[in-house]
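Please read the structure below before turning to the comments.
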Amino acid sequence: MPSFDVRFIKTVCDDTGHEHRACQAAFKVDAASLADAAQQAEADFCRQKGVRDWTIFADVMELQ
């Protein structure tokens with residue numbers, strides 16, 4: 001089964017107004033497809049943060 005690296009990223013501004021990408025969480029997911037990896041990572045992230053919607057903490061999900 002393929003393994004995917006999944007990161008949840010939030011873009012934040014520093015005190016000078018410059019944007020930076022901050023990793024909110026990273027997971028290594030074993031899944032049959034990219035779509036399955038995304039679903040599993042979303043569920044893991046939400047369970048870890050105690051929320052129903054991962055976009056509360058992150059702007060984007062990156063899969064590799």
If you compare all heavy atoms of [X] against all heavy atoms of [Y], which two are closest, and at what distance to 0.1 Å?
X: His20; Y: Asp14; value: NE2-OD2, 2.9 Å
X: Pro2; Y: Ala32; value: CG-O, 4.2 Å
X: Ala37; Y: Ala31; value: N-CB, 3.5 Å

Supply the atom-to-atom distance Gln39 CD to Asp44 CG, rounded to the nearest 0.5 angstrom.
11.5 Å
Please name all residues satisfying salt bridge (Lys or Arg N to Asp or Glu O under 4.0 Å) with Lys49, sequence neighbours left out, ordered by chain then number.
none
Partner set under salt bridge (Lys or Arg N to Asp or Glu O under 4.0 Å) for Asp36, not counting sequence neighbours
none
Can you check side chain to side chain contact (heavy atoms under 4.5 Å, CB included) on Arg21 and Arg7, steps first, answer last?
CA-CA 11 Å; Arg21 294 167 37 92; Arg7 295 181 352 147; 3.9 Å; yes
Are Ile9 and Glu62 side-chain neighbours, meaning at least one heavy-atom pair lies under 4.5 Å?
yes
Which is it for Lys28 and Ser3 under the side chain to side chain contact (heavy atoms under 4.5 Å, CB included) test, yes or no, and what are the steps along the way?
CA-CA 7 Å; Lys28 185 168 219 75; Ser3 183; 3.4 Å; yes
Checking the side chain of Asp59 only, and the main-chain atoms of Thr11 only, is there a donor and an acceptor separated by less than 3.5 Å?
yes
Apply the hydrophobic cluster definition, ILVMFWY joined by side-chain contacts under 4.5 Å directly or through others, and give me every member besides Val29.
Phe4, Val6, Phe8, Phe27, Leu34, Phe45, Val51, Trp54, Ile56, Phe57, Met61, Leu63
